[in-house]
Amino acid sequence: MNQSDVILTGIKPTGSPHIGNYAGAIRPALNLARRSPESSAMYFLADFHALTLVKDPALFRDRCHELAATWIACGLDPDRQVFYRQSDVPEVFELSWVLSCSTSKGLMNRAHAYKAHVDQNTRSGDRDPDAGVNMGVYSYPILMAADILLFQAKYVPVGKDQEQHIEIARDIAARFNRCYGEVFTLPLYMASPSSAEIPGTDGRKMSKAYNNTIPLFGSRETLRRAIFGIKTDSSAPGAPKDPDASLVFQIFRQFADRQRTETMRDRLQQGLISWKEAKEELYVLIDGLLDRPRAMYDELMSDRSHIDRVLEAGAGRARELARPTMEKVRQAVGR
Ligand code: ADP
Ligand code: TRP
């Protein structure tokens with residue numbers, strides 16, 4: 001990684017952040033910046049992306065504050081890294097329009113999130129395959145490309161489910177460059193070994209959309225209840241258990257060090273531990289890791305105007321960084 005390389009990632013404030021968001025997006029993104037102090041790192045709240053889904057203004061505001069507090073509580077330092085809210089940077093939306101004018105509709109038809117809607121409508125026998133799809137959902141990958149290309153980001157650490165979006169951003173950048181000359185850096189998806197997909201309590205991917213999450217913050221009781229709700233098979237307490245088929249173990253290994261993981265693996269295989277005890281250990285592990293961040297999160301959430309000030313300062317820096325690219329873009333298209 002070079003001095004001029006930009007690392008950038010964002011998360012939508014669509015629900016309370018969960019341990020899948022932490023292990024799949026927040027932790028690898030912060031680690032990447034830590035490991036590469038020579039590069040510059042940018043993190044943002046992809047708030048206007050969330051408007052495709054969140055229609056309640058008060059809830060929207062809460063979700064933004066929760067997500068900002070989560071990033072900071074998990075280790076983001078707004079003095080060293082650029083941390084901002086997407087909607088405070090109007091250049092993103094200007095660039096999004098320019099990019100949409102040279103992006104083919106076919107590329108959007110192939111985007112996973114849109115295709116998933118169409119498939120679901122088709123399966124449910126709906127005559128309109130586009131039922132329930134707003135234009136925000138449809139052109140989402142273009143706005144995401146603008147988020148990335150505006151800052152000439154090279155590395156975009158995100159979970160596996162976002163890989164296609166990064167490829168689309170790359171395609172959009174390459175097409176623009178072919179047409180108008182070299183304006184954009186081509187972004188790369190960062191596959192980090194620690195960004196495996198975390199299963200939810202029901203075995204599907206952990207996602208706000210499935211109601212199967214283990215929340216990052218909130219009370220200890222909520223954490224405990226979520227962990228004790230993880231699906232297990234009906235093995236008796238003293239029976240040998242297959243760790244690789246166990247959700248409890250899959251989650252445990254994302255947070256424990258190697259030695260603790262191997263010990264847990266052996267105990268499950270040898271039938272030395274019941275599911276109840278394994279869940280208790282998982283709870284103790286995660287609760288211990290969250291202890292300090294939780295205190296910081298609660299403190300941040302008790303003064304939301306402070307969060308707003310931090311985000312506004314970050315947006316000022318982000319807009320300065322955006323300016324040279326927007327000048328190039330305007331000049332390239334003949335403005
Ligand atoms: P959700 O599916 O809960 O709505 P988002 O789509 O907002 O989550 O994802 C935010 C970030 O967290 C993305 O980078 C995504 O790849 C990552 N992420 C979400 N769920 C998981 C998971 N279960 N395992 C790993 N990473 C995840
Ligand atoms: N689409 C991403 C998600 O659902 C969020 C996002 C929006 C993003 N713009 C981005 C991630 C730019 C990385 C870079 O999680």
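For ligands, and for the atoms within them, numbers begin at 1 and follow the listed sequence.
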Exercise for the section: Using a strict 4.0 Å cut-off to heavy atoms of Leu8, name the atoms of ligand 2 that fall inside it. Expected result: 14 (C)

Problem - Heteroatom proximity flag, Tyr140 to ligand 2, N/O under 3.5 Å - result: yes

Practice task
Kindly indicate whether the side chain of Ile198, heavy atoms from C-beta on, has any atom under 4.5 Å from the side chain of Asn21.
Solution key: no

Practice task
Answer side chain, backbone, both or neither: which part of Ile148 comes under 4.0 Å from ligand 2, heavy atoms only.
Solution key: side chain

Exercise for the section: Inspect the contact between Asp88 and Arg85 and indicate whether a charged nitrogen and a carboxylate oxygen are less than 4.0 angstrom apart. Expected result: yes

Practice task
Would you indicate whether the side-chain heavy atoms of Asp147 and Gln86 approach each other to under 4.5 Å?
Solution key: yes

Exercise for the section: Can you sort out which atoms of ligand 1 are near Met206, meaning under 4.0 Å from one of its heavy atoms? Expected result: 20 (N), 21 (C), 22 (C), 23 (N)

Completion exercise
Closest to atom 11 (C) of ligand 2 among protein heavy atoms sits Gly10 O, 3.2 Å

Fill in the blank from the handout: Going by the 4.0 angstrom heavy-atom rule, the piece of Gln86 near ligand 2 is neither

Exercise for the section: Under 4.0 Å, heavy atoms only, figure out whether ligand 2 is touched by the backbone of Val156, its side chain, both or neither. Expected result: side chain

Practice task
Can you pull out the closest protein heavy atom to atom 2 (C) of ligand 2? Residue, atom name and distance to 0.1 Å, please.
Solution key: Gln162 OE1, 3.2 Å

Completion exercise
Check: of Lys208, Gln162, Glu163, min heavy-atom distance to atom 7 (O) of ligand 1 comes from Lys208

Fill in the blank from the handout: So the atoms of ligand 1 within less than 4.0 Å of a heavy atom of Lys205 turn out to be 2 (O), 19 (C), 20 (N), 21 (C), 23 (N)

Practice task
Could you see which bit of Tyr189 sits under 4.0 Å from ligand 2, with heavy atoms only: side chain, backbone, both or neither?
Solution key: neither

Practice task
Only heavy atoms count here, so choose which of Gly159, Gly20, Ala23 is nearest to atom 25 (C) of ligand 1.
Solution key: Gly20

Practice task
Give the atoms of ligand 2, by number and element, whose distance to some non-hydrogen atom of His49 is under 4.0 Å.
Solution key: 7 (C), 9 (N)

Problem - No-hydrogen, no-angle side-chain donor-acceptor test under 3.5 Å, Tyr114 and Asp130 - result: yes

Handout entry: ring-ring contact (aromatic ring centres under 6.0 Å, His included) partner of Phe151, chosen from Phe184, Phe44, Tyr84
Key = Tyr84

Completion exercise
Among Asn212, Leu53, Asn21, Ile214, the residue with a heavy atom nearest to atom 19 (C) of ligand 1 is Asn21

Practice task
Assess the pair Phe93 and Phe48: is the distance between their ring centroids shorter than 6.0 Å?
Solution key: yes

Problem - Subset of ligand 2 atoms that lie under 4.0 Å from at least one heavy atom of Phe44 - result: 9 (N), 10 (C), 12 (C)

Practice task
Measure centre to centre between the rings of Tyr140 and His165, then say whether the value is under 6.0 Å.
Solution key: yes

Handout entry: Heavy atom of the protein closest to atom 9 (N) of ligand 2 (residue, atom name, distance)
Key = Asp147 OD2, 2.7 Å

Exercise for the section: Scan for side chain to side chain donor-acceptor pair (under 3.5 Å) pairs involving residues 212-237, sequence neighbours excluded, and state none if there are none. Expected result: Asp202-Asn212, Ser219-Thr222, Arg220-Asp287, Arg220-Asp291, Arg224-Glu280, Asp233-Ser235, Asp233-Trp275

Practice task
Show which atoms of ligand 1 fall inside a sub-4.0 Å distance from at least one heavy-atom site of Asp161.
Solution key: 15 (C), 16 (O)

Exercise for the section: Would you check if Lys279 and Ile227 make a side-chain contact, meaning some heavy-atom pair closer than 4.5 Å? Expected result: yes

Practice task
Return yes or no for this condition: an N or O of Ala25 is under 3.5 Å from an N or O of ligand 1.
Solution key: no

Exercise for the section: Under the side chain to side chain contact (heavy atoms under 4.5 Å, CB included) rule, what do Ile19 and Ile251 come out as? Steps first, then yes or no, please. Expected result: CA-CA 9 Å; Ile19 62 167; Ile251 299 173; 3.7 Å; yes

Practice task
Provide the full list of side chain to side chain donor-acceptor pair (under 3.5 Å) pairs with a residue in residues 319-335, sequence neighbours left out, each pair given once.
Solution key: Glu91-Arg319, Glu94-Arg330, Gln152-Thr325

Practice task
Run the numbers for me: atoms of ligand 2, each under 4.0 Å from some heavy atom of Val158, listed by number.
Solution key: 11 (C), 13 (C)

Problem - Sidechain N-carboxylate O distance under 4.0 Å for Asp47, Lys12 - result: no

Handout entry: Contact atoms of ligand 2, heavy-atom distance to Ala46 under 4.0 Å
Key = 7 (C)

